[in-house]
Amino acid sequence: MSYVKGLKCRECGRRYPKEPLFVCEYCFGPLEVDYDYERIKKVLTRKEIESRPKNLWRYRELLPIDGRPSDGLNSGFTPLFRAKNLEKVLGVKELYIKDDSVNHPTLSFKDRVVAVALSKAKEFGFDTVACASTGNLANSTAAQAAVANLKCYIFIPADLELSKIVATLIYNPILVAVEGNYDQVNRLCTEIATVYKWAFVNINIRPYYAEGSKTFGYEIAEQLGWKAPKHIVVPCAGGSLITKIWKGLKEFYKLGLIGELKTKIYAAQATGCAPIVNAFKENSEIIKPIRPNTIAKSLAIGNPADGIYAVSTVRESGGWAESASDEEIVEAMKLLAETEGIFTETAGGVTLAVTKKLIEQGKIPKDESTIICITGQGLKTQEAVLEKIGKPIKIKPNLNSFEEALREKK
Ligand SMILES: *Cc1c(COP(=O)(O)O)cnc(C)c1O
Ligand SMILES: [Zn+2]
């Protein structure tokens with residue numbers, strides 16, 4: 001049973017059939033999945049959703065597959081919890097963390113989009129999947145392709161963190177390390193996708209893939225007790241996640257699953273790669289591509305595909321956009337670990353550092369509910385903190401040596 005009407009151009013509204021298409025042939029606008037909300041409204045109640053297994057497919061009528069979901073059956077429904085210690089440090093009243101650093105199976109929010117992309121790729125009859133990745137998408141596509149018995153080609157910039165390379169190669173895909181930055185990798189893959197009949201999850205089946213990000217927003221609303229928070233801070237790379245969290249909340253409102261929608265959405269980027277933040281602050285209608293230079297490699301997209309939609313999401317919701325330096329990112333990673341026991345990757349450092357700034361600037365009021373989106377795992381970006389944390393105290397295996405070390409430490 002499918003609730004998908006087809007694809008629709010975001011710019012000119014022209015309609016397309018459910019096929020592996022991603023760009024409007026008339027205006028070159030991106031295509032988006034179009035649903036039959038009238039019919040969805042009749043079946044998708046709070047009670048119905050609550051009765052389903054705790055994974056991202058509990059919202060399946062709002063996801064773009066026709067048959068039964070086949071991938072990511074353990075992905076999503078990650079913890080959302082009150083951050084009491086961090087509230088004290090930041091001087092705010094109601095702060096929550098939505099924690100995709102423990103998403104299944106590869107510890108980032110990309111497990112959501114890949115679950116949807118691979119389910120859809122199989123419906124289309126593809127036997128090979130591929131992606132252009134800044135790291136996490138590589139991990140997730142390789143892992144889930146292995147489970148789905150699909151052939152897999154992964155393209156990454158050659159200078160990625162070691163852990164992200166290892167956490168891709170372990171699944172034995174064909175991993176291609178391109179001497180260039182992500183934007184060059186992406187351009188190459190767009191070319192490859194015209195020659196080879198592969199499902200590039202974030203290129204030719206991007207409209208379907210991107211819908212998976214909505215579940216991050218659905219879960220926030222459901223886990224807050226079917227209500228939308230006042231503020232959500234979202235890390236941005238290509239600008240898809242932030243756009244889809246907003247779309248997801250608007251759908252929930254339209255379907256009557258939440259009663260009120262007064263959420264402000266904030267974009268967080270690293271100062272070394274902030275094309276979305278720059279466009280917002282310059283009040284610009286276009287994204288000026290930049291050459292990324294930051295430790296937040298998972299967010300290092302200089303020419304974001306959905307950048308302009310990310311900016312309009314921030315504007316439409318009444319939020320703001322801000323960036324954080326590499327130093328602030330590391331400080332925030334340490335702060336999250338020391339207060340809430342969460343070891344996030346550099347992207348999470350970006351989000352918390354930006355949240356802290358927005359609170360200090362008074363953009364986020366101290367007494368309103370705020371969600372920090374933690375999207376990735378710190379064990380994957382150890383290089384970023386290795387020289388910025390303590391060292392183990394080395395001793396001989398006897399009590400004397402221990403007590404001597406203790407005295408020295410004091
Ligand atoms: C990809 C990624 C993002 C941002 O995703 P976009 O949808 O491209 O903006 C955020 N955090 C992490 C850890 C990511 O890997
Ligand atoms: Zn169009």
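Since the model is a prediction, treat every value here as computed from it, not as a measurement. We count residues from 1, following the sequence as given. Start at 1 and go down the list; that is how both ligands and their atoms are numbered. Just so it is clear, the values below take in all heavy atoms, side chains as well, and ignore hydrogens, waters and symmetry mates.
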| request: Return yes if a side-chain donor-acceptor contact under 3.5 Å exists between Thr375 and Asp100, otherwise no. | output: no

| task | Starting from atom 8 (O) of ligand 1, locate the nearest protein heavy atom and write down its residue, its atom name and how far away it is, to 0.1 Å. | result | Gly238 N, 2.7 Å

| field | Evaluation steps, ring pair (Phe, Tyr, Trp, His ring centres under 6.0 Å), between Tyr153 and Tyr196 | value | CA-CA 11 Å; Tyr153 290 80; Tyr196 295 83; 7.8 Å; no

| field | Under-4.0 Å salt bridge between Arg52 and Glu61 | value | yes

| Closer than 4.0 angstrom: is that true for some heavy atom of Ser108 and an atom of ligand 1? | no

| field | Short side-chain to backbone donor-acceptor contact, Ser119 and Asp71, under 3.5 Å | value | yes

| query | With a 4.0 Å heavy-atom cut-off (strictly under), which part of Lys244 contacts ligand 1: side chain, backbone, both or neither? | reply | neither

| message | Using a 4.0 Å cut-off to any heavy atom of Ala347, which atoms of ligand 1 qualify? | response | 11 (N), 13 (C)

| request: Could you name the option among Asp306, Val113, Leu299, Thr243 that has the heavy atom nearest to atom 10 (C) of ligand 1? | output: Leu299

| Rounded to 10°, how many degrees is the angle SG/Cys27-the Zn ion (ligand 2)-SG/Cys9? | 100°

| query | Around atom OH of Tyr253, are there more than 12 heavy atoms of other residues, nucleotides or ligands at under 6.0 Å? | reply | no

| note | Among non-hydrogen protein atoms, atom 14 (C) of ligand 1 lies closest to Lys110 NZ, 2.9 Å

| query | Which atoms of ligand 1 have any heavy atom of Ser240 under 4.0 Å away? | reply | 6 (P), 7 (O), 9 (O)

| Tyr35 versus Glu251, side-chain donor and acceptor atoms under 3.5 Å | no

| query | Should Ser298 be counted as touching ligand 1, given the test is an N or O pair under 3.5 Å? | reply | no

| remark: Under 4.0 Å between heavy atoms, the region of Thr375 that gets near ligand 1 turns out to be both

| remark: of all protein heavy atoms, closest to atom 7 (O) of ligand 1 is Leu241 N, 2.8 Å

| query | ligand 1 and Phe109, any nitrogen or oxygen pair closer than 3.5 angstrom? | reply | no

| Under 6.0 Å from the CG atom of Asp159, do we count more than 12 heavy atoms belonging to anything else shown? | yes

| message | Which of the numbered atoms in ligand 1 are under 4.0 angstrom from any heavy atom belonging to Glu345? | response | 13 (C)

| Judging by distance only, is a nitrogen or oxygen of Pro235 under 3.5 angstrom from one on ligand 1? | no

| field | Spacing of CD belonging to Gln377 relative to CD belonging to Glu345, to within rounding of 0.5 Å | value | 8.5 Å

| message | Just verifying a value: how many Å separate Lys380 NZ and Thr168 OG1, rounded to the nearest 0.5 Å? | response | 8.0 Å

| Counting heavy atoms not belonging to Arg291, are there more than 12 under 6.0 Å from its CZ? | no

| request: Under 4.0 Å from a heavy atom of Gly239: give me the atoms of ligand 1 that qualify, with their elements. | output: 6 (P), 8 (O), 9 (O)

